[in-house]
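For reference, the structure is listed below as structure tokens.
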Amino acid sequence: MLRIEFQIRLAGISSRFFELEEQVGSIEIDNALPVAGDAVFLFLTAQFDGEVSEENLSKQLSSMQIVDMSRAEMNRCTYYLGVMAKLSDASVLSLLTENRAIPHRIVGRNAHLDVVASVRDWSHLKEVASTIEAEHGSLELIGTTQTENIGFPLGGNKIKQSMSGKISDEQLNVLETAYQMGYFKVPQEVTAEEIAGELDISRSTLSERLRRVEHNFCELLFGPQE
Amino acid sequence: MTTIILIKSVDQEETVREILSSVVEAGEQIHFIRLPSVRCMGPLIQEINPMINYDVDYTINCLPKEYDVSDLVEFAIESGATRICIGITEQTVTGKARIDNLTQSILLHDAISGDVVVGDHTIILEELTYDR
């Protein structure tokens with residue numbers, strides 16, 4: 001099985017969010033549930049530059065219905081939305097699942113959609129890429145790796161969802177980068193300096209953010225300190 | 001078996017060693033194909049010494065200056081290559097082998113198919129079949 005990461009132009013719900021009056025940093029599809037007809041329930045995490053109101057968003061996103069909207073506890077510019085949308089608003093997700101690829105992440109940011117998905121093999125990769133190119137114009141493969149297991153499909157990472165909003169974006173970014181670069185492996189695959197360099201922060205900032213993440217994890221597991 | 005090793009940089013000694021020691025078997029035919037940006041492969045070949053150290057025959061070829069993926073695929077077809085090995089020069093933040101334009105063009109090319117194996121330093125396209 002191959003895990004692939006690719007980019008396409010913004011499309012569907014992500015492009016609608018980036019057309020909003022409010023500045024959007026990123027929009028991620030956390031989960032999707034099919035609804036009868038050509039509708040889909042989408043659960044989204046949206047990072048805005050400031051405070052937004054459901055009323056204002058509803059006015060601008062008239063083609064979809066906001067069913068639920070809440071604000072993250074810690075990152076006050078992060079909002080979790082449940083929206084009823086058209087299937088075409090999640091077309092990359094539909095194309096992946098129709099072609100039996102497994103979506104892991106779909107994030108809109110910096111004028112494109114970043115997608116991580118699993119495909120069976122090379123011919124499956126071609127099939128999926130060709131379908132997506134036909135619908136979205138072009139596709140840029142960013143990276144690939146081989147994997148034995150499916151991992152967490154979209155919407156399957158319960159711990160991540162429980163943690164969402166409990167740690168700040170910066171802390172989450174530090175944790176994810178450190179994890180992905182192999183900082184927590186034994187033996188360590190990267191040094192703290194290398195991670196700090198990747199994130200363009202000082203080593204002391206990296207250390208502070210990692211400790212805060214650990215503290216928040218412990219608080220979640222064991223409750224507040226006496 | 002015939003293997004094409006795509007050389008994108010003279011700093012790919014680790015990649016070539018991985019391929020010759022764990023992918024290719026003794027007695028196989030190797031075609032090193034360098035991108036036009038790689039000016040000279042002499043020091044790399046001298047350091048590795050494929051014939052003596054790995055018991056393989058090899059040739060060195062260069063893609064034309066204005067190369068296209070079809071030049072590589074054409075060469076692969078003509079030489080009956082059963083494998084194409086592409087060095088991993090960089091990884092993404094999430095640890096995936098970063099795919100450049102040429103690698104994407106090969107992976108998505110209609111005329112070539114087979115299996116993809118992602119190693120530590122190399123992407124190996126093997127069991128190649130061609131559809132002209």
Side-chain angles (χ1 to χ4, degrees), chain A residues 1-8 104-105 107 109 114-134 138-148 151-152 172-185 188-190 194-200, chain B residues 3-4 6 8-9 14-15 18-19 22-23 68-70 72-73 76-77 81-132:
Chain A
M1 184 171 273
L2 296 171
R3 188 101 76 229
I4 54 165
E5 188 176 335
F6 63 87
Q7 284 181 352
I8 55 172
H104 298 284
R105 284 197 84 175
V107 189
R109 62 163 85 91
D114 279 327
V115 182
V116 178
S118 291
V119 293
R120 284 189 310 274
D121 51 27
W122 187 2
S123 62
H124 194 200
L125 164 63
K126 283 187 186 186
E127 222 173 274
V128 170
S130 144
T131 314
I132 291 173
E133 279 184 327
S138 65
L139 168 151
E140 185 185 355
L141 279 174
I142 302 296
T144 187
T145 189
Q146 213 157 3
T147 177
E148 295 299 314
F152 288 115
L172 193 65
N173 190 26
V174 161
L175 186 68
E176 187 172 12
T177 307
Y179 168 70
Q180 299 289 5
M181 290 177 77
Y183 184 67
F184 299 112
K185 283 196 174 170
Q188 260 178 240
E189 290 180 350
V190 285
E194 285 170 313
I195 299 167
E198 175 70 32
L199 293 164
D200 204 17
Chain B
T3 298
I4 289 174
L6 195 62
K8 294 188 279 192
S9 149
E14 213 167 5
T15 300
E18 180 184 76
I19 297 164
S22 59
V23 179
D68 184 74
V69 64
S70 53
L72 180 66
V73 173
I77 293 169
T82 45
R83 259 191 227 108
I84 297 177
C85 298
I86 306 162
I88 298 169
T89 48
E90 201 188 340
Q91 292 197 320
T92 65
V93 175
T94 56
K96 296 177 183 69
R98 189 172 288 284
I99 293 176
D100 59 18
N101 290 342
L102 179 60
T103 309
Q104 165 161 345
S105 303
I106 300 168
L107 285 170
L108 302 185
H109 200 283
D110 288 339
I112 185 166
S113 53
D115 292 334
V116 178
V117 177
V118 184
D120 289 338
H121 303 288
T122 323
I123 296 173
I124 305 149
L125 312 179
E126 58 183 20
E127 308 281 334
L128 295 180
T129 56
Y130 303 98
D131 180 16
R132 299 195 75 163

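Order of the sequence lines fixes the chain letters, A, B, ..., with proteins taken first and strands second; residue numbering starts at 1 for each chain.
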Quiz item: With chain A, which of B:Q91, B:H109, B:E90 has the greatest number of heavy-atom pairs at distances under 4.5 Å?
Solution: B:H109
Quiz item: Do you know the tightest heavy-atom contact between A:G143 and B:K96?
Solution: C-CB, 3.9 Å
Practice problem: Work out which heavy atom in B:I106 is nearest to a heavy atom in A:W122; give both atom names and the distance. | Solution: O-CZ2, 3.8 Å
Quiz item: Which atom pair, heavy atoms only, marks the closest approach of B:Q104 to A:L139?
Solution: NE2-O, 2.7 Å
Quiz item: So which heavy atom on B:V118 is nearest to which on A:Q146, and how close?
Solution: N-OE1, 2.8 Å
Quiz item: How far apart are the C-alpha atoms of B:V116 and A:L125, what are their side-chain angles, what is the distance that settles it, and do they pass the side chain to side chain contact (heavy atoms under 4.5 Å, CB included) test?
Solution: CA-CA 10 Å; B:V116 178; A:L125 164 63; 5.7 Å; no
Practice problem: Would you mind telling me which of A:I4, A:L2, A:L141 has the largest number of heavy-atom pairs within less than 4.5 Å of chain B? | Solution: A:L141
Self-check item: Heavy atoms from other residues, nucleotides or ligands near OH of A:Y179 exceed 12 (cutoff 6.0 Å)
Solution: no
Practice problem: Name the option with the most non-hydrogen atom pairs under 4.5 Å to chain A; the candidates are B:I112, B:D110, B:I88, B:T103. | Solution: B:I112
Quiz item: In terms of heavy-atom pairs under 4.5 Å, which option from B:L107, B:V117, B:L125, B:I123 contacts chain A the most?
Solution: B:L107
Quiz item: Where do B:T92 and A:E5 come nearest, in terms of heavy atoms and distance?
Solution: OG1-OE1, 3.9 Å
Exercise. Name the member of A:E189, A:E140, A:E176 that forms the most heavy-atom pairs with chain B at distances under 4.5 Å.
Key: A:E140
Quiz item: Tell me, side chain or backbone of B:D100 under 4.5 Å from chain A's heavy atoms, or both, or neither?
Solution: neither
Exercise. Output the option from A:T177, A:I142, A:D121 having the highest count of non-hydrogen pairs under 4.5 Å with chain B.
Key: A:I142
Practice problem: Could you have a look at A:Q180, A:M181, A:R3 and say which one has the most heavy-atom pairs with chain B under 4.5 angstrom? | Solution: A:Q180
Self-check item: B:E14 atom CD, over 12 foreign heavy atoms within 6.0 Å
Solution: no
